[in-house]
Number of protein chains: 2
Amino acid sequence: MDLECLVCSEKIEAIGCGLTETEVGLLRDITIAVQYKPKEVLFHEADTQEYYYQLTEGVVGVYNILPSGRRVILEILFEGDFLGPFGKGVYPYSSVALTKATLCRFPKKQMDNLIKISPDLKDKLNMFQENALNKARTHLLGMAHKSPLERLSSFLLLLFNNLYKATNSENSFEIPMGRQEMADYLSLTSETVSRAFTELSDKQIITLDTPSHITIRQIDQLYAMVCGGPSLEDCPHQFG
Amino acid sequence: MDLECLVCSEKIEAIGCGLTETEVGLLRDITIAVQYKPKEVLFHEADTQEYYYQLTEGVVGVYNILPSGRRVILEILFEGDFLGPFGKGVYPYSSVALTKATLCRFPKKQMDNLIKISPDLKDKLNMFQENALNKARTHLLGMAHKSPLERLSSFLLLLFNNLYKATNSENSFEIPMGRQEMADYLSLTSETVSRAFTELSDKQIITLDTPSHITIRQIDQLYAMVCGGPSLEDCPHQFG
DNA sequence: CGCGCGGTTGAGAACGTTCAACAAAAGTGG
DNA sequence: CCACTTTTGTTGAACGTTCTCAACCGCGCG
């Protein structure tokens, strides 16, 4: 997974995004790769924006804290996903590394200037935004009138399709977060998530080797849980 | 409410969106205003895209039907909101008029061509997309771990802020849809929505003159229901 | 070795849904 | 314009499910 970020990639240099060599060089100079440990916060809601990020390795979550004190994880980001731009001024949400994560960090000010002069760069960022909109709508759909089992099933498929589909033939992988984080993403409690895991396990649909190492035994059953049909094609709205 | 659509407005001609007089003229020729009655469908999910729309009057909903047969209303559109572009190919959701509605209808093909040559037009549409993303995230936040009372309260404030805030001093207005539609938007049953209405009524926070004519008696209580504080400022994430 | 954290499991309470009856409003036809 | 029919909204009781609170387990770490 040697993913290169927007500015590191050869491609962006090749097509240029309408930027001169000098400009790309400038951006490259001020852009660094940053590393985070699990549960480290990248930025806080309502802080003034300083950076945009692109995730090159690991999994990152974006969340708000409700007045009640509850945390809602709005979106989960995977490799290649982009964080920003976010309207003007301050961050509209907080961001936390769910696993060890590597990101390319772009200073907002300079990036904004480059966006202004490069239509291609702007297009690229709009693509990311469109992607974010699709993810948000899909998630909304996934939360509406769904049981914990359905929610967890669709979540596991989301992980599987985004992280591990190509990598191994065993259909077994490490879940990149804890029960509470899944609960905050799925609008459940951690106990209910736990019960849903044992239920999927009892039904022989998955196996849990450890709480976070999972093997999918009947992926068709997982799809059926979510969509009614046994494969991805039966899910008109799910998984991008 | 004499809102003019993207192509009808003087502004777009003035700044030109990078288009020539001829091009704007062309677009205007092929763009017509269309009217819908309540519950009329503008387009169906999975149909091939033919048109984009901009809502100039009324309220429109966007929805998907789940495999279970349940309808989920993903977004509610108000005056000025734009429908499209939606990725490539087919509509990703259906769209229905909730009230009598007037929209400007743009043929997709020609519109796409104009987008290609006009950066300003593209920017405008990206603004709409950003707006849609914010709405989706706000809605997601509003559904997470919320009671029917909280959901209905935030929904009523959404309506109030989008439709009636400036228009009258009485804080009384017509709800532009039925109980079932609100239920589908709030992920509840129509019975639960009904109960939530009577509860707000019992608490003297609202008055229901008819099922759809509402007067907000204590708007601070409505805000408190949603955010904890008594005014819009206490809601960091709500209502745009 | 024992403490602490994350995860699992259980019992009870709280809440929303379901099903059903009823009431009110809107639409239809004489 | 009124009576009839249909649709929409309200209310009640029973049920099922998730949350809450609490105990317990297992693993890792000091």
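Each chain gets a letter, A, B and so on, in the order its sequence line appears, and its residues count up from 1. Values in this document were obtained by computation on a predicted structure and should not be read as measured data.
Summary of the strand contacts: B:Glu191 and B:Lys39 both lie near DNA chain D, and taking for each the nucleotide with the nearest heavy atom, the more 5' one is attributed to B:Lys39.
You'll find that the side chain of B:Arg70 is closest to C:dT17, out of D:dT11, C:dT17, C:dT8. Distances from the side chain of B:Pro148 to the nucleotides C:dG16, D:dT18, C:dT8 place C:dG16 closest.
The backbone N or O of A:Ser212 sits less than 3.5 Å from a side-chain atom of A:Thr210, completing a donor-acceptor pair. Remark: side-chain polar atoms of B:His139 are paired, donor with acceptor, to backbone N or O of B:Tyr185 under 3.5 angstrom. Counting only distance, with no hydrogens or angles, the side chain of A:Glu170 and the backbone of A:Thr215 share no donor-acceptor pair below 3.5 Å. A:Ser153 places no side-chain N or O within 3.5 Å of a backbone atom of A:Val226 that could act as its donor or acceptor partner.
Note on A:Ser190: nothing from the nucleic acid sits closer than 4.0 angstrom, heavy atoms only. Within the 4.0 angstrom heavy-atom criterion, no nucleotide atom of any strand lies near A:Thr210.
Atom-to-atom, CG of B:Asp209 to C1' of C:dA25 comes out at 15 Å; the value is rounded to the nearest Å. Rounded to an integer number of Å, the gap from B:Arg151 CZ to C:dG16 P is 8 Å. Per the geometry, CD belonging to B:Glu150 stands 14 Å off C1' belonging to C:dA14, to the nearest Å. The distance between atom CZ of B:Arg179 and atom P of C:dA23, rounded to the nearest whole Å, is 18 Å. Across the protein-nucleic acid pair, A:Met182 atom CE and C:dT8 atom C1' stand 13 Å apart, rounded to whole Å. Distance B:Leu149 CG to C:dC15 C1': 13 Å, rounded to the nearest Å. If you measure from atom CD1 of B:Ile175 to atom C1' of D:dG9, you get 12 Å, rounded to the nearest angstrom. Rounded to a whole Å, the NE2 atom of B:His145 is 13 Å from the C1' atom of D:dT20.
Residue B:Arg195 places no side-chain N or O under 4.0 Å from the OP1 or OP2 atom of D:dT10. At C:dC15, none of the side-chain N or O atoms of B:Ser147 fall inside 4.0 Å of OP1 or OP2 (strictly under the cut-off). Between B:Thr192 and C:dG16 there is no side-chain polar atom (N or O) within less than 4.0 angstrom of OP1 or OP2. Phosphate proximity of C:dT17 to B:Thr189: present, with a side-chain N or O under 4.0 Å from OP1 or OP2.
A parallel orientation is assigned to the rings of B:Phe173 and B:Tyr164, their planes being inclined by less than 30° (bins at 30° and 60°).
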